[in-house]
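Hydrogens, waters and symmetry mates play no part in the numbers below; they use all other heavy atoms, side chains included. Here the structure is a predicted model, which is why all the values come from computation and not from measurement.
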Amino acid sequence: MPNVECLGYLRAGRIAVFVAASAMLCLVGCSSDKSGSAPQGKAAENAAPSSADPETKTSTPDALCELLTPAELSMLTGEVSDPKALAVGGMPACHWETPAGGRVQVIGASAGTWATQLPAAIEQVKRSGLLDDPETARKLEAARDLIASGKEIAPDRACELFSMLLEVQGLPAGSSRTVNLIPTRENPKAINGQTCSGGRFTSVQLVAPNLSGSDEEASRLSSVLTKAHERNRGA
């Protein structure tokens, strides 16, 4: 999948398809204009993880909080607190606070874990009226039913579904990443980036009181997302 990026805003009829914690984490369509760690999270169980298995990479809170370097955190927002591991919608995350009342959050998980959020997301897509292709609808509904039955989605297949959701919401076919201003470009409260490839899902979000909605801000987060995803994949 190519890295196709969306720098835009959340429009009426567009939908959040992930989870909320401190601010929305969004997978949305866009306009064409440019616009110490707590012992929580998904810990490795029993055997040591294999670096070749996307289900087990970045499995400990300490490793998760290392997806962002001090230099990258400084580039995004300046001074930050010590990291705290937490769970966001059942997914492992790491969170830093800023003196100004903002925060940075990173999520790194198997795409199969991300896929557990799909049933609710797919229902939102259907209600939005955006899902007008019968074949895409069939594939998404089959994935929804599989997850609802308690079965797991393979990580690589989950990234395909991630891409499909982006396409349904207006991005080019084969898109694997999106960066968005939330809730609008004119009044941004957060910048969120998400990507899924190699069987791994990564999200980086900055919430700050003084965002301008500039391309420069979005570009900085995009750069950090790229590096965090490389680490999440073990590249």
Which heavy atom of [X] sits nearest to which heavy atom of [Y], and what is that distance?
{"X": "Cys196", "Y": "Ala111", "answer": "SG-CB, 3.5 Å"}
{"X": "Ser197", "Y": "Cys159", "answer": "N-SG, 3.3 Å"}
{"X": "Ala93", "Y": "Val88", "answer": "CB-CG2, 3.6 Å"}
{"X": "Asp156", "Y": "Gly199", "answer": "OD1-N, 3.4 Å"}
{"X": "Ala190", "Y": "Val207", "answer": "CB-CG2, 3.9 Å"}
{"X": "Cys65", "Y": "Trp96", "answer": "O-CZ2, 3.4 Å"}

Measure the spacing between [atom1] of [X] and [atom2] of [Y] and express it to the nearest 0.5 Å.
{"X": "Leu206", "Y": "Ile182", "atom1": "CG", "atom2": "CD1", "value": "10.5 Å"}
{"X": "Arg200", "Y": "Arg233", "atom1": "CZ", "atom2": "CZ", "value": "10.5 Å"}
{"X": "Ile191", "Y": "Gln205", "atom1": "CD1", "atom2": "CD", "value": "9.5 Å"}
{"X": "Ile107", "Y": "Gln105", "atom1": "CD1", "atom2": "CD", "value": "5.0 Å"}
{"X": "Leu64", "Y": "Leu68", "atom1": "CG", "atom2": "CG", "value": "8.5 Å"}
{"X": "His229", "Y": "Ser176", "atom1": "NE2", "atom2": "OG", "value": "7.0 Å"}

So, [X] and [Y]: side-chain donor and acceptor under 3.5 Å apart, yes or no?
{"X": "Thr202", "Y": "Arg177", "value": "no"}
{"X": "Gln194", "Y": "Asn192", "value": "yes"}
{"X": "Asn180", "Y": "Thr178", "value": "yes"}
{"X": "Ser175", "Y": "Glu167", "value": "no"}

Set out, in order, the CA-CA distance, both residues' side-chain angles and the distance that settles side chain to side chain contact (heavy atoms under 4.5 Å, CB included) for Leu211 and Glu217, then state yes or no. CA-CA 8 Å; Leu211 293 173; Glu217 288 173 339; 3.9 Å; yes
Within the distance-only criterion (no hydrogens, no angle test), does the side chain of [X] pair as donor or acceptor with the backbone N or O of [Y] below 3.5 angstrom?
{"X": "Glu79", "Y": "Pro99", "result": "no"}
{"X": "Ser149", "Y": "Leu146", "result": "yes"}
{"X": "Asn232", "Y": "Phe201", "result": "yes"}

Consider side chain to side chain contact (heavy atoms under 4.5 Å, CB included). Of Val80, Val106, Thr98, which one does Leu73 pass it with? Val80
Test item: Thr136 and Met164 side chains (from C-beta on) under 4.5 Å apart, heavy atoms: yes
Carboxylate-amine/guanidinium contact Arg231 Glu72, below 4.0 Å: yes
Glu160/Arg157 ion pair, N-O < 4.0 Å: yes
Is there a side chain to side chain contact (heavy atoms under 4.5 Å, CB included) between Lys189 and Asn187? Walk through the geometry before answering. CA-CA 7 Å; Lys189 304 298 183 185; Asn187 184 32; 3.5 Å; yes
